[in-house]
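Quantities reported herein were computed from a predicted structural model and do not represent experimental measurements. In listed order, ligands and their atoms are each counted from 1.
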Amino acid sequence: MRRILVTGGAGFIGSNFVHYLSENTDCTITVLDKLTYAASREALEGLDVQLVVGDVADPAVVDDLVGRHDAVVHFAAESHNDNSLSDPGPFIATNIVGTFCLLEAARRHDVRLHHISTDEVYGDLALEDPARFTEATPYNPSSPYSAAKAGSDHLVRAWVRSFGVRATISNCSNNYGPWQHVEKFIPRQITNVLGGGRPKVYGTGANVRDWIHAADHSSAVWEILQRGRIGETYLIGADGERDNLTVVREILRQLGRSEDEYDLVTDRAGHDLRYAIDSTKLRTELGWAPAYGDFEAGLAQTIGWYQAHESWWRTHKQATEAAYATRGQA
Ligand SMILES: NC(=O)c1ccc[n+]([C@@H]2O[C@H](COP(=O)([O-])OP(=O)(O)OC[C@H]3O[C@@H](n4cnc5c(N)ncnc54)[C@H](O)[C@@H]3O)[C@@H](O)[C@H]2O)c1
């Protein structure tokens with residue numbers, strides 16, 4: 001696999017994956033990205049990458065591009081739960097119709113496809129439940145975002161079985177790291193504090209997320225693309241379970257502020273309680289392990305990155321907080 005097409009490669013995780021490919025492989029990389037509000041050209045600066053600005057739901061663009069590559073890694077998506085509650089339409093168009101377009105192109109040209117998905121397709125776990133998600137957990141999505149991702153996963157499985165498309169799926173836990181939009185939980189809290197404000201925590205802050213650094217997500221995807229079994233699903237996680245309040249307190253501590261300088265705000269409707277990934281299959285079958293085993297160290301690196309890139313995140317911060325304010329969450 002020499003020629004790789006990365007959809008959504010100007011977004012948070014997609015751009016981290018492009019950096020990973022650039023640093024660790026000699027692949028030729030093309031990015032297909034619509035450059036929505038979540039994208040960032042700067043994230044690709046200095047890399048030897050061709051950027052094609054286009055829509056994954058546009059068959060004309062997709063068919064031609066897919067036919068000129070050996071493999072597609074499909075990150076492009078509308079990705080923010082809160083936005084899916086206020087306007088679900090783009091989530092259906094990109095996450096479901098876009099995946100359908102890519103599958104049809106992969107089928108026509110017999111091109112290998114890896115589909116990036118989320119653990120949110122499984123719904124949530126009780127806070128006290130020791131269980132974790134596995135590849136056998138039934139789908140039970142809660143929000144328009146996770147339902148659209150679940151729909152796209154089902155399409156991929158059906159295209160493998162019905163048409164023999166050479167595809168794999170990964171469902172990853174919550175990512176953090178460089179280039180993540182300030183609407184998302186960790187960058188929002190870091191940039192609030194860097195701007196002299198206070199973190200804003202939904203509900204009571206008891207919701208648990210299983211954090212993984214985007215660089216570890218990238219290395220896992222690369223392993224699956226090279227050595228994963230066609231038709232298989234792999235869960236990606238780094239044993240990083242923390243409740244939201246613990247994460248906020250750690251951010252405040254690392255930035256030299258008192259750990260109780262946060263505000264509780266209106267909870268997200270239908271807010272999932274807990275996610276947790278059992279990544280045994282990926283680790284035993286493909287020998288993958290995360291490089292960022294220590295969440296607090298990964299968080300420190302990420303805080304340092306946001307401190308060094310204020311001119312990048314400043315441009316999005318005001319509009320993002322204004323949107324939170326209209327929902328009573330600022
Ligand atoms: N962020 C997480 O914690 C997380 C966890 C697990 C899985 N995922 C999955 O990883 C993928 C990437 O997530 P992210 O957090 O980097 O998202 P993001 O919102 O930061 O980036 C998405 C990218 O897709 C592009 N895009 C959106 N619609 C498009 C379209 N119609 N055509 C072409 N490009 C389009 C955007 O411009 C943007 O560059 C998604 O599929 C998401 O479901 C995310």
For [X] and ligand 1, does the shortest N/O to N/O distance drop below 3.5 Å?
{"X": "S117", "result": "no"}
{"X": "A57", "result": "no"}
{"X": "E78", "result": "no"}
{"X": "T36", "result": "yes"}
{"X": "T94", "result": "yes"}
{"X": "S79", "result": "yes"}
{"X": "F12", "result": "yes"}
{"X": "H74", "result": "no"}
{"X": "C172", "result": "no"}
{"X": "A76", "result": "no"}

(request) Compare every heavy atom of V248 with every heavy atom of V201, then report the nearest pair and how far apart it is. (result)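 For V201 and V248, the tightest heavy-atom pair comes out as CG2-CG2, 3.7 Å.
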
(request) Of all the heavy-atom pairs spanning N16 and A214, show the shortest one and how long it is. (result)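 Closest pair (atom of N16, atom of A214, distance): CG-CB, 3.7 Å.
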
(message) At less than 4.0 angstrom from any non-hydrogen atom of A39, what atoms of ligand 1 do you find?
(response)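 Answer, ordered by atom number: 37 (O), 39 (O).
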
(request) Please list, chain by chain and in numerical order, all residues satisfying salt bridge (charged side-chain N to carboxylate O under 4.0 Å, His left out) with R112, sequence neighbours excluded. (result)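 Not a single residue meets the salt bridge (charged side-chain N to carboxylate O under 4.0 Å, His left out) criterion with R112.
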
(message) On a heavy-atom basis, I'd like to know which of T118, D119, I13 is closest to atom 44 (C) of ligand 1.
(response)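 When every heavy atom of T118, D119, I13 is considered, I13 comes closest to atom 44 (C) of ligand 1.
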
(message) On a heavy-atom basis, I'd like to know which of V221, I277, D55 is closest to atom 31 (N) of ligand 1.
(response)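 Going through V221, I277, D55 one by one, D55 has the nearest heavy atom to atom 31 (N) of ligand 1.
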
At the 4.0 Å heavy-atom cut-off, does [X] count as touching ligand 1?
{"X": "G54", "value": "yes"}
{"X": "H181", "value": "no"}
{"X": "Y145", "value": "yes"}
{"X": "S173", "value": "yes"}
{"X": "A10", "value": "yes"}

Among all the protein's non-hydrogen atoms, which is closest to [atom], and how far away is it?
{"atom": "atom 40 (C) of ligand 1", "result": "F75 O, 3.2 Å"}
{"atom": "atom 21 (O) of ligand 1", "result": "G11 CA, 3.4 Å"}
{"atom": "atom 41 (O) of ligand 1", "result": "K149 NZ, 2.7 Å"}
{"atom": "atom 9 (C) of ligand 1", "result": "I116 CG2, 3.8 Å"}

(request) State plainly whether one hydrophobic cluster holds both W211 and L245, where clusters connect Ile, Leu, Val, Met, Phe, Trp and Tyr through side-chain heavy atoms under 4.5 angstrom apart. (result)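 In one cluster with W211: L245, yes.
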
(message) Could you see if Y292 belongs to whatever hydrophobic cluster contains I277? Use Ile, Leu, Val, Met, Phe, Trp, Tyr and a side-chain cutoff under 4.5 Å.
(response)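 Result: no, two separate clusters.
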
(message) Could you measure the distance from the CG atom of D119 to the OG atom of S170? Nearest 0.5 Å is fine.
(response)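 OG of S170 is found 11.0 Å from CG of D119.
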
(message) Using salt bridge (charged side-chain N to carboxylate O under 4.0 Å, His left out), reason through D64 and R68 one step at a time and then give a plain yes or no.
(response) CA-CA 7 Å; D64 173 57; R68 291 192 277 116; 3.1 Å; yes

(request) Examine the proximity of ligand 1 to T7 and report which part, side chain or backbone, both or neither, has a heavy atom under 4.0 Å away. (result)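 It is neither part, as no heavy atom is under 4.0 Å.
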
(message) Tell me if the aromatic rings of Y37 and H181 count as close, with their centers under 6.0 Å from one another.
(response)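 Yes, ring centres under 6.0 Å apart.
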
(request) Answer with yes or no after comparing the ring centroid distance for H80 and Y145 against a 6.0 Å cut-off, counting only values under it. (result)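 No, ring centres 6.0 Å or more apart.
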
(message) Tell me if the CD atom of Q318 is crowded by more than 12 foreign heavy atoms within 6.0 Å.
(response)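 Not more than 12 within 6.0 Å, no.
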
(message) Go through it in stages, so that I can follow the logic: the residues are K317 and R188, the test is side chain to side chain contact (heavy atoms under 4.5 Å, CB included), and I'd like the CA-CA distance, side-chain angles, deciding distance and then a yes or no.
(response) CA-CA 8 Å; K317 187 67 181 168; R188 184 181 186 208; 4.1 Å; yes

(message) Under 6.0 Å from the ring centre and within 45 degrees of the ring axis: does the NZ or CZ of R161 meet both conditions for the six-membered ring of F163?
(response)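 Output no; distance or angle outside limits.
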
(request) Assess the side chains of N81 and H271: does a donor N or O sit below 3.5 Å from an acceptor N or O? (result)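 Side-chain D/A pair, N81 to H271: absent.
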
